[in-house]
Amino acid sequence: MSTSHLRHLPSVEKVLTALGELDSLPRPTVVALVRDHVEHMREELLAGSAPLTFDEAVTSIRSAILAFARQRIQPVINGTGVMIHTNLGRSPIHKDVMGVVSAVATGYCNLELDLNTGERGSRGTFLEKNLATLCEAEAATVVNNCAAALVLILRELANGDRNEVIIGRNQLVEIGGGFRIPEILETSGARLREVGATNKVSVNDYRKAINARTGMILRVHRSNFYMEGFVDEPTTAELVALAREFDLPVVEDLGSGAMVATDGLAPLDHEPTTAEVLADEVDLVCVSGDKLFGGPQAGIIAGKREFIARLKQNPFFRALRCDKMVLTALQESACAYLKASQSGAMPDLPLIAMLNAEVEALNTRAAAIVEAIGKGETVTRGEGTARCGGGTMPKSRIPSVTIDIAPVVGQCSLPQLMKRLRDGTPPVIGYVSENALKLDLRTIPAEQDSVLIAAIRDALQHSSESE
Ligand SMILES: *Cc1c(COP(=O)(O)O)cnc(C)c1O
């Protein structure tokens, strides 16, 4: 290829001058991005692409940089109706909880100092007792997430010449984001011993698989799907009884982390709680902190004191430990649950409030929003169904209320409207159903209503301007 093409390559300095200030980004990042783009242009030219004019090059680089800037983590309005949306950061954390986190993290704290003695303390003492109380467990501890909890448990309980883990074929699940139970088992050095059929697994299947190399029995909550029809599996209690005969530990990866009876909230299925699983004498249970628990990303492990102590002594535990912010957020959330339970109430956490919101109240908000926007047939009140999401209670559908936006045909397509809402500040995320873009109010806190109104007005304004 001719290198004479390269005379069309814009200089980094000139592009930077032409771009001017992009105040959302630090200058050194802009410089690095421009260099990357100019380098990419050089490769394209060398590969024989037609050269761009300088203005075209600047326009293309500017839009690439602005697209990059949109990837900054920032608040968004979740109109999807999916309450624990992994792409949208899972559970929102209570403002009061974050207030404590902020106070602890922006100064010094007693993370590993025992204020009673002035000596070095342990970072988990207060939180672990509260979590154990909440989970109705002998003991509890915390690591970075539930996946890490499972790896730690496997490394401790299934290793060496007893590294086989027995698991039913009906529980070899993929949780999402590439988290597959069989792969997790393998990376932790355990050997998978699958038993039964996809739809039916019996106690006897487990019994036949037990041998001198068996380290533990694992149950994994199916989380994000359900099985119906010709299906059967042993109860937790039956598996525990079998395990006791052979002196094997039973571990349950419960995932979702319900701490209260979910069927007492909204029309939800019953999601097993850690307390229920532990009442069946399971040795250890692990759950996520940022699903139904409504806290920060964490893996909560609860169960028998002896096993928790072993996990904490495992050298790998140190690599998985949480920082002061996560520990503080968990501590405050756990206390919120415990305080509520002493008066028989539901804890004051955003996720619980969303689950509890009355359709009537959502309708009132919707009517006010629709009226404020005043766009006649374009913006109306609709019906929707919210879901828990985050791999929890896949069957449960919660009646909800939506703001439906049906742009005038020919003026703006639904994908264009979605993009305009995403492009706003804050970005608004909805979903499309039946020729309308829907924004579910159950996942939008009422205090965001005025911001939402402005965002919808803006997006519609743009759509009529640009056509
Ligand atoms: C979500 C889930 C996990 C993974 O939890 P993270 O906290 O995201 O690591 C593991 N197991 C089950 C059953 C789950 O539902």
Side-chain angles (χ1 to χ4, degrees), residues 70-95 97-98 176-177 224 256-257 262 265-266 268 288-297 329 333 348-359 361-366 368-370 373 379 381-394 396-405 414-415 417-433 436-460:
R70 292 298 282 172
Q71 310 205 48
R72 188 179 201 134
I73 295 177
Q74 57 191 294
V76 307
I77 293 184
N78 174 11
T80 64
V82 179
M83 287 173 264
I84 307 169
H85 200 306
T86 299
N87 299 0
L88 302 181
R90 291 199 179 158
S91 291
I93 301 175
H94 198 287
K95 283 197 178 72
V97 169
M98 288 315 292
N224 51 14
S256 57
T262 49
L265 298 162
L268 291 181
S288 289
D290 55 357
K291 292 184 182 171
L292 284 172
F293 184 81
Q297 179 187 302
S333 309
D348 173 26
L349 294 171
L351 197 69
I352 306 271
M354 275 180 213
L355 285 165
N356 260 338
E358 301 284 349
V359 168
L362 298 179
N363 264 322
T364 309
R365 283 173 54 201
I369 292 169
V370 165
I373 294 172
V379 182
R381 177 163 53 114
E383 287 177 0
T385 30
R387 288 180 292 135
C388 276
T392 64
M393 294 181 279
S396 295
R397 295 280 180 278
I398 306 153
S400 196
V401 177
T402 55
I403 302 297
D404 291 4
I405 315 174
L414 286 172
L417 184 61
M418 294 269 269
K419 170 93 170 82
R420 270 169 204 145
L421 283 165
R422 273 204 315 277
D423 281 347
T425 307
V428 178
I429 318 293
Y431 67 100
V432 168
S433 167
L437 189 159
K438 289 169 98 64
L439 298 171
D440 193 313
L441 291 185
R442 191 175 287 278
T443 44
I444 303 177
E447 62 265 24
Q448 288 185 332
D449 283 356
S450 56
V451 180
L452 179 68
I453 291 166
I456 296 173
R457 276 203 191 119
D458 244 33
L460 289 172

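Being a predicted model, the structure only gives us computed values, none of them experimental.
- When all heavy atoms of P399 and R397 are compared, the closest pair comes out as CD-O, 3.8 Å.
- Without hydrogens or angle criteria, R420 side chain to L460 main chain gives no donor-acceptor distance under 3.5 Å.
- For E358, the CD atom sits in a loose shell: 12 or fewer heavy atoms of surrounding residues, nucleotides or ligands are nearer than 6.0 Å.
- Nearest heavy atom pair, residue D404 against residue A436, reads CB-CB, 4.2 Å.
- Going from atom CD1 of I456 over to atom CD1 of I405 covers 4.5 Å, rounded to the nearest 0.5 Å.
- With a 4.5 Å cut-off on side-chain heavy atoms, R442 and V401 do not count as touching.
- Between the CG atom in D348 and the NE2 atom in H94 there is a gap of 3.5 Å [rounded to 0.5 Å].
- In this structure, the side chains of V432 and P415 stay at 4.5 Å or more apart for every pair of heavy atoms.
- Counting non-hydrogen atoms of other residues, nucleotides and ligands closer than 6.0 Å to CZ of R387 gives a total of 12 or fewer.
- With a 4.5 Å cut-off on side-chain heavy atoms, L439 and I369 do not count as touching.
- Looking at S91, its side chain never comes within 3.5 Å of a backbone N or O of G295 through a donor-acceptor pair.
- Using a 4.5 Å heavy-atom cutoff, the side chains of M354 and P92 are in contact.
- Sorted by first then second residue, the side-chain hydrogen bond (donor to acceptor under 3.5 Å, both in side chains) pairs that include residues 72-84, not counting sequence neighbours, are N78-T80.
- Scanning both residues, S333 and G294, for their nearest heavy atoms gives OG-O, 4.5 Å.
- A455 and V428 make their closest contact through CB-CG2, 3.7 Å (heavy atoms, listed as atom of the first residue, atom of the second, distance).
- Only one option out of T443, I444, L421 pairs with I77 in a side-chain contact (heavy atoms from CB on, under 4.5 Å); it is I444.
- Distance CG/D290 to CD1/I93: 8.0 Å, rounded to 0.5 Å.
- Note that CG of L351 and CZ of F293 are 11.5 Å apart. Values are rounded to the nearest 0.5 Å.
- Distance alone, capped at 3.5 Å, is enough to place a donor-acceptor pair between the K438 side chain and the E383 backbone.
- The two residues R70 and P427 make their nearest non-hydrogen contact at NH2-CG, 3.5 Å.
- Atom CG of L362 sits about 10.0 Å away from atom OG1 of T402, to the nearest 0.5 Å.
- Using a 4.5 Å heavy-atom threshold, the side chains of I398 and M83 count as touching.
- The distance from the CD1 atom of I453 to the CD1 atom of I403 is 8.5 Å, given to the nearest 0.5 Å.
- Not a single donor-acceptor pair under 3.5 Å links the side chain of R90 to the backbone N or O of N87.
- Of all the heavy atoms in C388 and L268, the pair that sits closest is SG-CD2, 4.1 Å.
- Applying the salt bridge (Lys or Arg N to Asp or Glu O under 4.0 Å) rule to R381 yields no partners; only residues at least two apart in sequence or on another chain are considered.
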